Amino acid sequence: MKRVLFVCLGNICRSPTAHGVFQHYVNQSGLSAQIEVDSAGTAAYHVGNHPDPRSVAAAKLRGCDLSSLRARQAVRADFARFDYVLAMDLSNLSHLQGICPDDYHGRLGLFLEFARDFSESEVPDPYYGGSEGFDHVLDLVEAASEGLLAEIQQELG
Ligand code: 4NP
């Protein structure tokens, strides 16, 4: 079993997009019994909320349903549970480093380290921008999801 947690600021735009897209890839690969996927925010502003309707609409156009997801805040216990704790940007990563117990820093990283065809290292926050920002999030998330799934498939043998 491998467990993956995606983390952004609010858990209503970027990390639910990663959650839904990566879950879709996992389902298609037939590994849903062996890979668990979740997402969380570093902030608590949106706890219990649905993903942003703009994220839901953009993901739907790529075949991913985000409508059942609800925001929660990342907690210290997540580091013991999840093999991969993947931040969307450096600010999220810095926050996670601040709450991560000593033994688990090796589980932390930037999600875009797994995106092969992009030079960006951070998924930009689309919240205050237009719909093109949400599409760009999907481009980045799809690329990183492919790379991450390939790595986990290797680990699972
Ligand atoms: P996310 O986007 O971190 O990708 O979920 C944001 C959502 C809400 C806010 C900021 C970013 N906000 O300030 O409320």
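Quantities reported herein were computed from a predicted structural model and do not represent experimental measurements. We count ligands from 1, going down the list as the structure has it; atoms in each ligand are counted the same way.
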Quiz item: Are any of the side-chain nitrogens in R72 or D38 under 4.0 Å away from the carboxylate oxygens of its partner?
Solution: yes

Quiz item: To which protein heavy atom is atom 13 (O) of ligand 1 closest, and what is the distance rounded to 0.1 Å?
Solution: Y128 OH, 3.3 Å

Quiz item: With a 4.0 Å cut-off, would you call K2 and E155 a salt bridge?
Solution: yes

Exercise. Indicate yes or no: does an N/O atom of S15 lie under 3.5 Å from an N/O atom of ligand 1?
Key: no

Practice problem: Heavy-atom distances under 4.0 Å are what count here, so tell me which part of F134 touches ligand 1: side chain, backbone, both or neither. | Solution: neither

Quiz item: Quick one: does Y45 get an N or O within less than 3.5 Å of an N or O on ligand 1?
Solution: no

Quiz item: Of all the non-hydrogen atoms in the protein, which one sits nearest to atom 1 (P) of ligand 1, and at what distance?
Solution: C8 SG, 3.5 Å

Quiz item: Is there a nitrogen or oxygen of I12 sitting under 3.5 Å from a nitrogen or oxygen of ligand 1?
Solution: yes

Quiz item: Under 4.0 Å from ligand 1, counting heavy atoms only, is it the side chain of H46, its backbone, both or neither?
Solution: side chain

Quiz item: Which is it for H136 and E120 under the side chain to side chain donor-acceptor pair (under 3.5 Å) test, yes or no, and what are the steps along the way?
Solution: CA-CA 11 Å; H136 186 53; E120 288 128 292; 2.7 Å; yes

Practice problem: Report, in ascending order of atom number, the atoms of ligand 1 lying under 4.0 Å from any heavy atom of C13. | Solution: 1 (P), 2 (O), 4 (O), 5 (O)

Exercise. Report, as yes or no, whether the 6.0 Å neighbourhood of atom NE2 on H50 holds more than 12 heavy atoms from other residues, nucleotides or ligands.
Key: no

Exercise. Step through the shown structure and confirm whether more than 12 heavy atoms of other residues, nucleotides or ligands are within 6.0 Å of CG on D117.
Key: no

Self-check item: Verdict with supporting geometry, H19 and S39, side chain to side chain donor-acceptor pair (under 3.5 Å)
Solution: CA-CA 6 Å; H19 184 163; S39 63; 3.0 Å; yes

Quiz item: Of the choices L9, T17, V7, which has the non-hydrogen atom that lies closest to atom 10 (C) of ligand 1?
Solution: L9

Quiz prompt | Under-4.0 Å heavy-atom contact with ligand 1, by part of N11 that carries it | solution = backbone

Practice problem: For atom 2 (O) of ligand 1, find the nearest protein heavy atom and state the residue, atom name and distance (0.1 Å precision). | Solution: D125 OD1, 3.3 Å

Exercise. List the atom of A40, the atom of S15, and the distance in Å for their closest heavy-atom pair.
Key: O-OG, 3.3 Å

Quiz item: Is Y45 atom OH crowded by more than 12 heavy atoms from other residues, nucleotides or ligands, each under 6.0 Å away?
Solution: no

Practice problem: Check each atom of ligand 1 against the heavy atoms of G10 and keep those under 4.0 Å away; list them by number with element. | Solution: 1 (P), 3 (O), 5 (O)

